[in-house]
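Worksheet for the structure shown next.
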Amino acid sequence: MRKSGLRILYISLLVLFLTLSEGQQVLADTAVSSETKEVSEDHRIPEGVRVSGIDLGGMSVQDAEKRLEQYVSEACSGTLTLTFGDEEVDIPYQDFNLKVSDSTVIQEICEIGTSGNLIKRYKELADVKNNKADYQLPFEYDQDKLTTLIEEGTASYNREARDAVLVRHSGEFQITDEVTGIKVDVAATASAVEKALGEGWDGTSRKLAVVVEETQAEHTRAELEVITDLLGSYSTNYSSSSSNRIANIANGASLIDETVVYPGETFSFLEHVVPFTAANGYYQATGYSGGKVVPSTGGGICQVSSTMYNSVLRAELEVVERANHGLTVGYVPLGADATVAEGSVDFKFKNNLENPVYIEAYTWQGNVYVCIYGHETRPSNRTIEFYSVTEQTISPGKDVITEDDTQPEGWQEVTQSAHNGYVASFYKYVYVDGELEDTILINTSRYSATPRYVTVGTKKEETEAETQEENPNEDPNDNEEDNGADREDDGQQDG
């Protein structure tokens, strides 16, 4: 048993001796005292040593350093290319100060198998021989600079999400597709660059796709494609209006035209047409204020809101807010008007349908038209009509007289005509197969009566006797001379 143990120890030492003898030249080249780390001038890098994929085995220290310097120079001269679809942005590595963070790797590889006891040195050299001596040059860069460069270089890739757009031109609907929103995630992109230039990087230029966040459009083509049917329309005439009032009506119609109202949304007329200013396309025209007809910027806009009100009723959308005028108007029946006033009175309706509706508004040949399109779901045998019923007529009061002492007695001017007042009910009649099925009260409107406004002259004419009494000592001849002088002076001024 003792002889067997001695035999095993002998064989083990023999194997160790033979293995070490294979690397005796390497050991000779790297011979150094275990007490020091100084390397001889003729020292060479052990075979099998690689740095960042570069084989340095057998090179002198000086040659190895030159080769690595060349590698670092080439690596730092490379380019980071960020891609987005077919677009690219190049960022040179030098722009964000790419450099080697630790250059002591030469010292490390020169010390392989040169220090420690025999077993430690043998293991290090054995690892080299077994391709286990692959070193990596670590690089670093200015992360803040890189972040800024990414943000600036990819700014053009960012875009807001845009909804699909519907218009109706020449009687045909046209849809522009929705656009998905894009936002470059700068931080995530910088992290991807850090990983790409980290462990395992071969020192070449790199191409990476930017990391983006997508935002879907709220409304799509598919939603708009169902709008094919005319749900309700109405028109009113303005041919007798002034040019300014006509311009205001046309402007108001253009401001509500091509509007899509989605299910559950409420449309505010005022939000689309204010402010009533010249800068917003309005002119001075007549309007109602305080029970009188007065000049106002935007006069005539209520004809557009009233026309729209009747279209909404025929489309059977939900009216949220509506008020009648204080005085009657001539372009719609009693109860069919809808007045608006900036900052106080609005006309609003809600889309209570399951699909969006599209508003078309325009003027043509003395009429303003408002049409509402959507997806028709009402039975074809069902029809509706609207009627105005006058419940009460109110006579105007006495004339309102205003005296003018600059006009002679007997002179008068009517500044505003009298108007009857009314109480009217507005009804919707529902027919099925031509038979009246339901009568629905839409509203009851009250219009004020207004008296006639008249301005009369109160100046009395002076008699000759009254003139003489006022100037008893005046010589008639002096007056004639003075008058002549005045006429002469006038002639000179005219000349």
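- Between the side chains of Glu391 and Ser425, at least one donor-acceptor pair of N or O atoms lies under 3.5 Å.
- Tyr309 and Asn443 share a side-chain donor-acceptor pair at under 3.5 Å.
- In this structure a side-chain-to-backbone donor-acceptor pair under 3.5 Å is missing from Thr402 to Thr455.
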* Report the C-alpha separation of Arg314 and Tyr234 in whole Å, then their side-chain angles, then the decisive distance to 0.1 Å, and conclude whether the side-chain hydrogen bond (donor to acceptor under 3.5 Å, both in side chains) test is met. => CA-CA 8 Å; Arg314 284 155 178 78; Tyr234 199 75; 4.9 Å; no
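- Contact between Pro356 and Val260 at its shortest, heavy atoms only, is CB-CG1, 4.0 Å.
- A donor-acceptor contact closer than 3.5 angstrom links the side chains of Asp346 and Ser268.
- The only option from Thr339, Val312, Asp337, Leu313 that meets the side-chain contact (heavy atoms from CB on, under 4.5 Å) definition with Arg322 turns out to be Asp337.
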Can I get a per-line list of side-chain donor-acceptor pairs under 3.5 Å for residues 248-255, giving both atom names and the distance, sequence neighbours left out?
{"unit_1": "Asn248", "atom_1": "OD1", "unit_2": "Tyr283", "atom_2": "N", "d": "2.7"}
{"unit_1": "Asn248", "atom_1": "ND2", "unit_2": "Asn244", "atom_2": "O", "d": "3.4"}
{"unit_1": "Asn248", "atom_1": "ND2", "unit_2": "Tyr283", "atom_2": "O", "d": "3.0"}
{"unit_1": "Asn248", "atom_1": "ND2", "unit_2": "Gly299", "atom_2": "O", "d": "2.9"}
{"unit_1": "Asn251", "atom_1": "ND2", "unit_2": "Asn280", "atom_2": "O", "d": "2.9"}
{"unit_1": "Ser254", "atom_1": "OG", "unit_2": "Asn251", "atom_2": "O", "d": "2.6"}

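- Listed by chain and number, the residues in a side chain to side chain contact (heavy atoms under 4.5 Å, CB included) with Gln216 are Thr180, Glu214 (sequence neighbours excluded).
- Put simply, the side chain of Ser242 gets close to the backbone of Arg245: a donor and an acceptor are under 3.5 Å apart.
- Taking 4.0 Å as the cut-off between side-chain N and carboxylate O, Arg162 and Glu160 do not count as a salt-bridged pair.
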* Starting from the C-alpha separation in whole Å, work towards a yes-or-no answer on side-chain hydrogen bond (donor to acceptor under 3.5 Å, both in side chains) for Asp90 and Thr81. => CA-CA 4 Å; Asp90 291 331; Thr81 300; 2.8 Å; yes
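- Proximity of a side-chain donor or acceptor of Asn237 to a complementary backbone N or O of Ser239 within less than 3.5 Å is detected.
- Taking 4.5 Å as the limit, some side-chain heavy atom of Asn352 sits within range of a side-chain heavy atom of Leu317.
- With hydrogens and angles left out, the side-chain atoms of Arg168 and Tyr358 include no donor and acceptor closer than 3.5 Å.
- With 3.5 Å as the limit, one finds a donor-acceptor pair spanning the side chains of Gln303 and Thr236.
- No close placement of the Tyr427 and Tyr387 rings is indicated, their centers lying 6.0 Å or farther apart.
- Within 6.0 Å of NZ in Lys428 there are more than 12 heavy atoms belonging to other residues, nucleotides or ligands.
- Using a 4.5 Å heavy-atom threshold, the side chains of Ile227 and Asn355 count as separate.
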